[in-house]
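Numbers here are sequence positions counted from 1.
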Amino acid sequence: MLYKSGKSLVALLAATTMLSLTACGSTNAGNAQEAVQDASSEQESSSEVVNEEATSDTTSQTSESDEQLQQDNADTAEEEIPALRDCVEQKMGCRIGCAITGQEPWDIPLWNLVTTHFNAVTLGNELKPDSLFGYSNGKCPGTQEAELNGETITVPVMNFSNPEKILNKLLKWNETHPDREIKVRGHVLVWHSQTPEWFFHEDYDKTKPYVSKEEMDKRQEWYIREVLTHFVGDDSPYKNLFYGWDVVNEAVSDGSGSYRTDAENPNEDLSNDTHGNNSSWWHVYQSEDYIINAFKYANKYAPEQLELYYNDYNECMAKKRAGIVALLKAVKEQEGKPGEGTRITAMGMQGHYGVDSPSYTEVETSAKAYGEVVGSIQITEWDLSSSDDYDGSAESKEKEYEKMRKTYNLQYYALQSVKASGVNVTGITFWGTVDKYSWLQHRSTVGGGSNKEKAQCPLLFDDLYKPKPAFWVFAETN
């Protein structure tokens, strides 16, 4: 049932004083709370019917009929839950998306949530470099010859099968549901993490020396060309599926607030197959040149309508915010025609936040700072890590859900304020759909990371695929 028969909505209506809210997409004069309460009453009635079934065949036949009627009514109540894609479009005028990865698209209840509530998705892992090299992280999967700018170069063999499995499913959905299309955000071309170490070395062998900057320029251009041509080129079956692409990801240091270097974590060896913190891109270039080049190459090979982004986390911390602004300015200063200059469409604020921080003023301040440079911002990987006193128990869950609702509400309010100030807010993406599949349930050292022993409930839907109180923050409109 939908979270305590609508108690969360009572709390929402009582606690939210900043906004005057009405349910989006509701078919009745009543609000979504009434629909939830009706569903709860119907479930209780259904239980009573089941008990009656044991009394006699006549009663059983009547009960079966009643049970079917109750189920039909419950389905109707479920249908009255507003679709987030409609509500966010009405309130913010932007896309709303979620991350999907692995086998998630074949989880039928999850797929139903995706296709009902979202009009955009980000593939969580499948378009990252390690995936496109067939997860052959320890050893180059083989080489072949390629032509680049009139020169023949040796390149590693690429494997596009991992993303294509999901993209083909999305294509089929869009073909059969043209009024409910789902677009894709490409994630990501250039990243220090999940890029095999051998990619930076002579003969693609990490036991050999690093290549020169000039050689790395060729490899970077070739890689960006291959990915963009394959997925958004004129001959690609996927060319109309993508709306944008993260060109560079997480290139600013948490510690220094400047560019991420090859020594972010002194305990992480550069000889590792892949890295969580240290950047081999920086090791080769010793400057931000590779970032500028990445946006130049993306501008060269991406179609004009494809949006291009920089994406980072901890983006509301003042010191890191200053470093990101500097990076955005450096890219922006070299904008030019395809083949000559860079192009950047928006700043991707990942939004890996917690229930206690950042404050809505920090979100607002950061978004405005980025918008001042590039004009548009997006929240690209939104989730909330749990508070310290949340242990996953039923007793603490209700309190935690309410904390999450309040935090999401304040941060969403910040985005509305940003939009009102003149900064374009062009997308909101949550990093997953249901809590049990969230990356925060697993230990990680990438992009903020988490401790897998810590209970988490970061998303809008619970483990039973039901909307949580935070869902209604985004299901309401002025």
Run the numbers on Tyr223 and Phe133 for ring pair (Phe, Tyr, Trp, His ring centres under 6.0 Å), then give the verdict. CA-CA 11 Å; Tyr223 178 82; Phe133 289 130; 5.7 Å; yes
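Between the side chain of Ser376 and the main chain of Ala346, no donor-acceptor pair closer than 3.5 Å is present. In this structure, the side chain of Asp435 engages the main chain of Leu459 through a donor-acceptor pair within 3.5 Å. Put simply, the side chain of Asn265 gets close to the backbone of Asn267: a donor and an acceptor are under 3.5 Å apart. Side-chain atoms of Ser236 come within 3.5 Å of backbone atoms of His230 as a donor-acceptor pair (strictly under, hydrogens ignored). Between the side chain of Glu362 and the backbone N or O of Met317 there is no donor-acceptor pair closer than 3.5 Å.
A salt bridge links Lys332 with Glu335: at least one charged nitrogen is closer than 4.0 Å to a carboxylate oxygen. With respect to the salt-bridge test (charged N to carboxylate O, under 4.0 angstrom), the residues Lys320 and Asp312 qualify. Using a 4.0 Å cut-off between charged side-chain N and carboxylate O, Asp389 and Lys403 make a salt bridge. Looking at Glu333 and Lys329, no side-chain N of the basic residue comes within less than 4.0 Å of a carboxylate O on the acidic one, giving no salt bridge. A salt bridge is absent between Glu307 and Arg343: the closest approach of a Lys/Arg side-chain nitrogen to an acidic carboxylate oxygen does not fall below 4.0 angstrom. Note on Glu400 versus Lys397: no salt bridge recorded, every NZ/NE/NH1/NH2 to OD/OE distance being 4.0 Å or above.
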Return a table of donor-acceptor pairs under 3.5 angstrom between the side chains of residues 97-110 and protein atoms on other chains or two or more places apart.
residue : atom : partner : partner atom : Å
Thr101  : OG1  : Asn125  : ND2          : 3.4
Thr101  : OG1  : Glu126  : OE1          : 3.0
Thr101  : OG1  : Glu126  : OE2          : 3.0
Glu104  : OE1  : Thr101  : N            : 3.3
Asp107  : OD1  : Leu110  : N            : 3.3
Asp107  : OD1  : Tyr465  : OH           : 3.4
Asp107  : OD2  : Tyr437  : OH           : 2.7
Asp107  : OD2  : Tyr465  : OH           : 2.7

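The distance from atom SG of Cys457 to atom CG of Asp383, rounded to the nearest 0.5 Å, is 11.0 Å. To the nearest 0.5 Å, atoms CG (Leu327) and CZ (Arg260) are separated by 12.0 Å. To the nearest 0.5 angstrom, Asp86 atom CG is 14.5 Å from Lys91 atom NZ. Atom CD of Glu315 sits about 10.0 Å away from atom OH of Tyr310, to the nearest 0.5 Å. If you take CG on Leu464 and NZ on Lys436, they are separated by 7.5 Å, rounding to the nearest 0.5 Å.
Taking the six-membered ring wherever Trp is involved, the centroid distance between the rings of Tyr259 and Tyr290 does not fall below 6.0 Å. The distance between the ring centers of Phe474 and His117 does not fall below 6.0 angstrom. Ring centroids of Trp281 and His275 are separated by 6.0 Å or more, keeping the two rings apart. Note: Phe231 and Phe160 meet the aromatic proximity criterion, with ring centroids under 6.0 Å apart. Side-chain rings of His352 and Tyr313 stay apart, their centers remaining 6.0 Å or farther from each other.
With sequence neighbours left out, the salt bridge (Lys or Arg N to Asp or Glu O under 4.0 Å) criterion links Asp356 to no other residue.
The shortest side-chain heavy-atom distance between Lys169 and Trp111 falls under the 4.5 Å cut-off.
Using the six-membered ring where Trp is involved, Tyr408 and Trp382 have ring planes that are perpendicular, over 60° apart on the 30 and 60° scheme.
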